[in-house]
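Scroll down for the structure; my scribbles are underneath it.
Please read these numbers as outputs of a predicted model, since none were measured by experiment.
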Amino acid sequence: MLNEQPLPWREGLSAAALLAEHDQPEDRVATALNGEFLPRHARARTLLQPGDELTVFRAIVGG
């Protein structure tokens with residue numbers, strides 16, 4: 001799942017690759033995998049498993 005939207009699982013898909021496929025700029029978002037913070041440097045080596053949920057947070061600027 002990506003932000004509560006179900007997606008088909010694919011073997012070997014990393015968190016970084018999923019972000020790229022969905023036009024999420026890696027340097028402008030924060031991520032959590034199954035409710036735990038996933039640092040930017042770990043996304044490329046973190047392979048997603050069936051049932052994983054990746055949540056993407058965008059910074060909100062303004063007042």
Side-chain angles (χ1 to χ4, degrees):
M1 294 185 72
L2 177 63
N3 287 345
E4 299 181 0
Q5 299 298 313
L7 298 171
W9 176 77
R10 294 189 331 259
E11 188 172 349
L13 182 66
S14 70
L18 183 62
L19 290 174
E21 287 179 7
H22 290 273
D23 298 319
Q24 298 291 331
E26 247 194 89
D27 60 340
R28 296 186 183 175
V29 298
T31 52
L33 181 60
N34 301 323
E36 297 289 325
F37 175 68
L38 180 62
R40 185 183 315 165
H41 69 271
R43 294 175 189 161
R45 69 172 185 258
T46 300
L47 299 180
L48 301 174
Q49 301 301 313
D52 278 351
E53 184 170 344
L54 186 66
T55 305
V56 179
F57 302 91
R58 289 187 163 267
I60 299 174
V61 180

Task: Set of residues satisfying salt bridge (charged side-chain N to carboxylate O under 4.0 Å, His left out) with respect to Arg58, sequence neighbours excluded - done: none
Can you tell me how far [atom2] of [Y] sits from [atom1] of [X], rounded to the nearest 0.5 angstrom?
| X | Y | atom1 | atom2 | result |
| --- | --- | --- | --- | --- |
| Glu11 | Leu47 | CD | CG | 9.0 Å |
| Thr55 | Met1 | OG1 | CE | 8.5 Å |
| Asp52 | Gln49 | CG | CD | 6.0 Å |

Open item on the list: Can you list, by chain and residue number, the hydrophobic cluster partners of Val29 when the side-chain cut-off is 4.5 Å?
Closed with: Leu2, Leu7, Leu13, Leu18, Leu19, Leu33, Leu38, Leu48, Leu54, Val56
- [ ] List the steps and the verdict of side-chain contact (heavy atoms from CB on, under 4.5 Å) for Arg10 and Glu21.
- [x] CA-CA 13 Å; Arg10 294 189 331 259; Glu21 287 179 7; 2.4 Å; yes
Task: Considering all heavy atoms, the nearest Phe57-Ala32 contact - done: CE1-CB, 3.9 Å
Task: side-chain hydrogen bond (donor to acceptor under 3.5 Å, both in side chains) between Ser14 and Arg43, intermediate numbers included - done: CA-CA 7 Å; Ser14 70; Arg43 294 175 189 161; over 6 Å; no
